[in-house]
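Just below is one structure, and these are the notes that go with it.
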Number of protein chains: 2
Amino acid sequence: MNREVIPNLSVDCALFSFDGNQIKILLRQEKILLNGKTYNKYKLPGDHPFMNEIIENTAERILFEQTGARDIFMKQFWVFSSLDRLKRNEVDFAWIKNRGLISERVITVGFYSFVKKGVMENQHLIPEATWVNIHDVQNLIFDHEEILQKAREQIKKDIEHQPLVFELLPAKFTLAQLHNIYELLLEKKLDRRNFRRKVLLAMPYVKELSEKQKGVAHKPAKFYAFDKKIYDKHIIHKTS
Amino acid sequence: MNREVIPNLSVDCALFSFDGNQIKILLRQEKILLNGKTYNKYKLPGDHPFMNEIIENTAERILFEQTGARDIFMKQFWVFSSLDRLKRNEVDFAWIKNRGLISERVITVGFYSFVKKGVMENQHLIPEATWVNIHDVQNLIFDHEEILQKAREQIKKDIEHQPLVFELLPAKFTLAQLHNIYELLLEKKLDRRNFRRKVLLAMPYVKELSEKQKGVAHKPAKFYAFDKKIYDKHIIHKTS
DNA sequence: TCAAAAGTGTTGTCATTACACCCATGA
DNA sequence: TCATGGGTGTAATGACAACACTTTTGA
């Protein structure tokens, strides 16, 4: 592969995961040297596309490099082209200069992506990468706060119409987990009973399994699974 | 302004208009010379961003250059980065070479935009630009067919939640025109009575005017107008 | 008086909301 | 036996779909 990169374009990935209770974001911890002082900043993983690489592959490559996992769900959602996005802050700009300035003008394509906790546990996260609870995110470099915010807004829209949340859940999950994820991503309360009914009636592709939770100090919940085949059939039916 | 451009990035604009009956797309007619023959192709207007220009301004500049109009509504909707997008066809690639090859690899950001017919009529369209009925679009260069298609899909989603169609209508319009636009953009029939009721009840920002149509050989329709102030108030109320 | 589009109401169905109690389990 | 979260049903309301006739105008 041709390793020459496109200097004025990059891809940044907001990678989301769900640990059973909370939404987590993958951030890279960056120690930045400036005038003899070290600053700690966090950064969404990103990179420049190679000259002969489509941006979806760039995103895939970034995610693989950070997590060791492939076939992670992802979607481009916005292009950020502000003129000063790398230079709003002296410390941030030092990050660029310290790694050898490619260009002062980089337009970036934001991707958001979802990874299952189980997939992550089988892989080796690189040392600089850390999962941060979405409510504890701070100290982001460049315009990465804005990128993350925009990702969250886009996700709110997208999950209403597409079965994306299953990318965050293990193959077997309980309705309480599903409920929890929707509440966290949409940032609003959903009535538990109405939610269950809606899933069971309006999402025939969420299939009940025979298995139940074990070892919990309350009535064990049934497990469910997302059935892609039923989903595809269902959707073709809906849009025709 | 620094006129150096970003070589590997471009902006392409799918500009929509409504002539009262049909949706039109602005295309540039391109005569391409290859091996002594001339080929006719159509192209969405596009250009490279300047090195110190945000892509939204690039889109604005493109629209102004083509139509002479400013303050046209627009929105970025997707990034197209396929490796062969400029080279799928020998004739298309000749277009690039004939104007001085900047780069064989150009990733493009698609914008869609809406312009009112009235605005256009006060301006001077450049000679190469022509309004083509959306159903008659053919012979597009590069991947512009795909870009246009994706724009139309995005528009279908966006107009369900945002008052974008008013950007296509004159300040005064009839409900029949509004109905017509929705049917054309959504590519489906909408019951006329239900549509009217929904507009009148669910869109309080579509205000009835006292004026009526004149000189039509049937019962004259009332004019309506989009009231942005009421819309803004209404929306703040809805999302809070 | 005709053609053409504007304008208007009702009814049935379905989706959404609000809301409270019993169940199964491990500690 | 208690604490914990799982699981269930009903009634009221609102949104949406289907559907046909009368009105106003210019020709």
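Throughout, protein chains are lettered first and strands after them, A, B, ... in sequence-line order, and every chain is numbered starting at 1.
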Sequence neighbours excluded and cut-off under 3.5 Å, please list the side-chain donor-acceptor pairs for residues 9-22 of chain B, or say none.
| unit_1 | atom_1 | unit_2 | atom_2 | d |
| --- | --- | --- | --- | --- |
| B/Ser10 | OG | B/Thr108 | OG1 | 2.7 |
| B/Asp12 | OD2 | B/Thr108 | OG1 | 2.8 |
| B/Ser17 | OG | B/Val115 | O | 3.3 |
| B/Asp19 | OD1 | B/Asn21 | N | 2.7 |
| B/Asp19 | OD1 | B/Gln22 | N | 2.7 |

Enumerate, atom names and distances included, each donor-acceptor pair closer than 3.5 Å involving a side-chain atom of residues 210-222 of chain B, sequence neighbours excluded.
| unit_1 | atom_1 | unit_2 | atom_2 | d |
| --- | --- | --- | --- | --- |
| B/Glu211 | OE1 | B/Lys172 | NZ | 2.8 |
| B/Glu211 | OE2 | B/Lys172 | NZ | 3.3 |
| B/Gln213 | OE1 | B/Ala221 | N | 3.0 |

Ignoring hydrogens and angles, write down the donor-acceptor pairs under 3.5 Å from the side chains of residues 190-198 of chain A, residues two or more places apart or on other chains.
| unit_1 | atom_1 | unit_2 | atom_2 | d |
| --- | --- | --- | --- | --- |
| A/Asp191 | OD2 | A/Arg193 | N | 3.1 |
| A/Asp191 | OD2 | A/Asn194 | N | 2.9 |
| A/Asp191 | OD2 | A/Asn194 | ND2 | 3.4 |
| A/Asn194 | OD1 | A/Arg197 | NH2 | 2.6 |

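Of the N and O atoms on the side chains of A/Thr130 and A/Gln29, not one donor lies less than 3.5 Å from an acceptor on the other residue.
DNA chain D is contacted by both A/Lys219 and B/His218; A/Lys219 maps to the nucleotide lying nearer its 5′ end (nearest heavy atom per residue).
Residues forming a ring pair (Phe, Tyr, Trp, His ring centres under 6.0 Å) with A/Phe111 (at least two apart in sequence, or on another chain): none. For A/Asp71, there are no side-chain contact (heavy atoms from CB on, under 4.5 Å) partners, not counting sequence neighbours. Contacts of B/Asp158 classified as side-chain contact (heavy atoms from CB on, under 4.5 Å), with partners at least two apart in sequence or in another chain: B/Lys75, B/Tyr112, B/Gln154, B/Gln162, B/Leu164.
In this structure, the separation between CG on B/Leu125 and OG1 on B/Thr67 is 7.0 Å, given to the nearest 0.5 Å. For the atom pair A/Leu168 CG and A/Leu185 CG, the distance stands at 6.5 Å (nearest 0.5 Å).
Salt-bridge check for A/Glu146 with A/Arg88: passed, with a basic side-chain N closer than 4.0 Å to an acidic carboxylate O. Ion pairing of B/Lys189 with B/Glu183 is present here, as a side-chain N (NZ or NE/NH1/NH2) and a carboxylate O approach within less than 4.0 Å.
Remark: the backbone N or O of A/Leu44 is paired with a side-chain donor or acceptor of A/His144 at under 3.5 angstrom. Side chain of B/Gln177 to main chain of B/Thr174: a donor-acceptor pair is present (N/O by atom type, distance under 3.5 Å, no hydrogens or angles). In terms of modelled atom types and a separation under 3.5 Å, the side chain of A/Asp92 and the main chain of A/Phe142 share a donor-acceptor contact. Using modelled atom types, one side-chain atom of A/Gln76 and one backbone atom of B/Val79 make a donor-acceptor pair closer than 3.5 Å.
Running 5' to 3' along DNA chain D, contacts with non-hydrogen atoms of chain B at under 4.0 Å begin and end at D/dC16 to D/dG26. In summary, contact between chain A and DNA chain C, defined as any nucleotide atom under 4.0 Å from a heavy atom of the protein, begins and ends at C/dT16 to C/dG26 in the 5' to 3' direction.
At a non-hydrogen distance threshold of 4.0 Å, A/Ala176, A/Arg192, A/Arg193 from residues 175-194 of chain A come into contact with DNA chain D. Only at 4.0 angstrom or more do the heavy atoms of residues 158-165 of chain A sit from any atom of DNA chain D, so none qualifies. Of the residues in residues 209-217 of chain B, those with a non-hydrogen atom less than 4.0 angstrom from any atom of DNA chain D are B/Val216, B/Ala217.
In this structure, A/Lys24 is not positioned above the aromatic face of A/Trp131 in the sense of NZ or CZ being under 6.0 Å from the six-membered ring centre and within 45° of the axis.
Between B/Phe166 and B/Phe173, the ring center distance clears the sub-6.0 Å criterion.
Comparing the local axis fitted to the first five base pairs of the helix from C/dT1-D/dA27 to C/dA27-D/dT1 with the one fitted to its last five gives a bend of 0°, rounded to 10°.
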